[in-house]
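Structure record follows, encoded as structure tokens.
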Amino acid sequence: MTNVTSSDVHTTKKFKSRRQEKLALKNAQSNKSYVNQTAFRACERIYRTRLPPPDFTEVIDFENLASNTQQNLDRIVKIELKHDLTELSPLFGESRNDAKLCYTLRDFPGLVVIPQAFSPSAQKNIIKSCLRDHAKHPNLSNLDAHYVVPDGGIWNLYEKEAKGEISPEDPSYYVPLKDMSDSEDKVGVYGDAPKETNLSVLPPSQLIRRLRWITCGYQYNWLDKTYALEKRYPFPEDIGDIASAVAKAIEGVGHIEMDGSGYVNQYEGSKFKPEAGVINYYQLKDSLMAHVDKSEINMDAPLVSFSLGHSCIYLLGGTTRDVPPVAIYLRSGDVLAMCGPCRAAFHGVPRILESTLPDYLKTNPEDPDWDIYASFVNEARINVNVRQVF
Ligand code: SIN
């Protein structure tokens, strides 16, 4: 183990208390002690550390190009979508100023990022549907592993509680815990559900904060990392339309270097079929470890992913965890597509960035119906990702 002293912890940093300083020192020591950690893991640790806060200067920012380091500016390539997304689907809202603008990175071929693809009102609409319409049966969620979730969904219950329509005295107020003694769900599709140690019945306003993911279309078996072919539910229309529009817009999009390296996405957009999707609901302290999405039979079709609510640090690496990843800011309204070689790349979300909720997603006296959704995204980030399986 390498010795770490308090001078290794940013000496210019003023700590609020001796306790904070000690914690920062402990974090620095534990980071240095992982001598055999992969490049990806080391980077995850850096961005997950809260005390002292990490240095964000190396994070790629597609929305504020001027704030990037020269090294990052050298790898960013400005490219053009084949179509303006708003011409393909009304779900993107009003068109952006530079309607076809998107980016890739020279050293991560196959990545396409479309900043601010959705207008503010379009973002609100998708957030609503992700919470109200999609977080319920037949789609499965992490909550189904432990709770007898009502068919109306946990959001519906939370809304009733918030409006004062149900109280703890009502029999439907508390979602009961599953009797795990005779449940087939102890293993099976829910095998990888978060290891909850303090499971208890909770008021809907607390249970909604435990919602981590839902799966739609082909249901995913987290245990053996395959799709359950016998469990295919209708794919949500709005999410499917958005992903299909992105697939059309990124057809023929990419970048080839002078030496012939690089990648241009040749997947025919009209052939893209949204067959399986995951909606991730992150609370501010949540993260998603490095992984590769490789359960799809069809690895040629792009994976389409979009972000809502708080911003995050997204890490994109290579085909092994030893490839040093690049860190990218993803903000509400951004679309990211992984095409070709990028489909095989490790990626993850080590950090949700506090205090980054855009003003237009906060409570607004002119839009009282939005208040309940604002109260959720006020402490959350939502990611929707869509894949073609076959
Ligand atoms: C994922 O890779 O499954 C989610 C990525 C994200 O949250 O942006």
Side-chain angles (χ1 to χ4, degrees), residues 40 43-44 47-48 59-63 103 105 108 110-118 123 126-127 130-131 134-135 139-142 192-194 211-222 225 227 239 242-243 246 274-296 299 301-319 321 325-339 342-354 356-357 377 379-389:
F40 205 110
C43 198
E44 279 176 330
Y47 287 111
R48 280 178 65 130
V59 182
I60 292 194
D61 190 343
F62 290 111
E63 249 168 274
Y103 296 96
L105 296 175
F108 290 86
L111 170 77
V112 181
V113 176
I114 314 172
Q116 294 303 292
F118 299 92
Q123 291 171 42
I126 310 166
I127 292 171
C130 286
L131 291 166
H134 307 325
N139 302 330
L140 298 176
S141 80
N142 63 300
D192 200 26
L211 178 67
R212 290 288 177 279
W213 50 259
I214 68 109
T215 44
C216 42
Y218 281 112
Q219 296 297 303
Y220 193 66
N221 184 330
W222 298 94
K225 298 193 171 20
Y227 288 100
I239 294 176
I242 288 167
V246 172
E275 291 176 323
V278 181
I279 305 180
N280 291 301
Y281 305 86
Y282 297 86
Q283 297 299 306
L284 295 179
K285 295 268 155 46
D286 290 343
S287 58
L288 181 69
M289 302 290 283
H291 64 282
V292 180
D293 296 299
K294 56 179 180 194
S295 303
E296 295 72 34
M299 290 291 283
L303 184 151
V304 176
S305 163
F306 44 97
S307 296
L308 302 152
H310 277 77
S311 307
C312 75
I313 300 288
Y314 177 89
L315 294 183
L316 177 65
T319 51
R321 286 186 175 84
V326 65
I328 300 171
Y329 283 116
L330 286 184
R331 298 190 172 85
S332 193
D334 290 351
V335 168
L336 180 147
M338 301 175 89
C339 313
C342 194
R343 277 296 265 111
F346 275 92
H347 57 282
V349 176
R351 192 184 191 110
I352 309 299
L353 297 162
E354 282 170 36
T356 55
L357 189 71
V377 286
E379 291 175 51
R381 169 178 184 260
I382 299 177
N383 162 262
V384 182
N385 64 80
V386 181
R387 313 104 193 264
Q388 174 163 348
V389 180

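All ligand and atom numbering here is 1-based and tracks the order in the structure.
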Atoms in ligand 1 with a heavy atom of His291 nearer than 4.0 Å
1 (C), 2 (O), 3 (O)
Heavy-atom contacts with Leu288 under 4.0 Å: which atoms of ligand 1 show up? List them by number with element.
1 (C), 2 (O), 3 (O), 4 (C)
If we check salt bridge (charged side-chain N to carboxylate O under 4.0 Å, His left out) with Asp286, which of these qualifies: Arg351, Arg48, Arg212?
Arg212
When only distance counts, is Arg381 in polar contact with ligand 1, meaning an N/O pair under 3.5 Å?
yes
Tyr103 vs Phe62 aromatic rings, parallel, tilted or perpendicular, using cut-offs 30° and 60°?
parallel
Element-labelled atoms of ligand 1 that are located less than 4.0 Å from some non-hydrogen atom of Asn385
1 (C), 3 (O), 4 (C)
Over all atoms of both residues, closest heavy-atom pair of Leu353 and Thr356:
O-OG1, 2.5 Å
Residues which pass side-chain hydrogen bond (donor to acceptor under 3.5 Å, both in side chains) with Tyr47, listed by chain and number, not counting sequence neighbours
none
Note the single closest protein heavy atom to atom 4 (C) of ligand 1, along with its residue, its atom name and the distance in Å.
Asn383 OD1, 3.3 Å
Compare all side-chain heavy atoms of Tyr220 with those of Trp213 and state whether any distance is below 4.5 angstrom.
no
Residues at least two apart in sequence or cross-chain that pass side-chain contact (heavy atoms from CB on, under 4.5 Å) with Val292, listed by chain then number, are Lys294, Phe346
Closest non-hydrogen protein atom to atom 7 (O) of ligand 1, residue and atom name please, with distance?
Tyr282 OH, 2.5 Å
If you measure from each heavy atom of Asn280 to ligand 1, is any distance below 4.0 Å?
yes
Considering distance alone, does some N or O of Ser305 sit under 3.5 Å from an N or O of ligand 1?
no
Do Asn139 and Ile279 have side chains that approach each other closer than 4.5 Å (heavy atoms only, starting at C-beta)?
no
Which atoms from ligand 1 have a heavy atom of His347 less than 4.0 Å away?
2 (O)
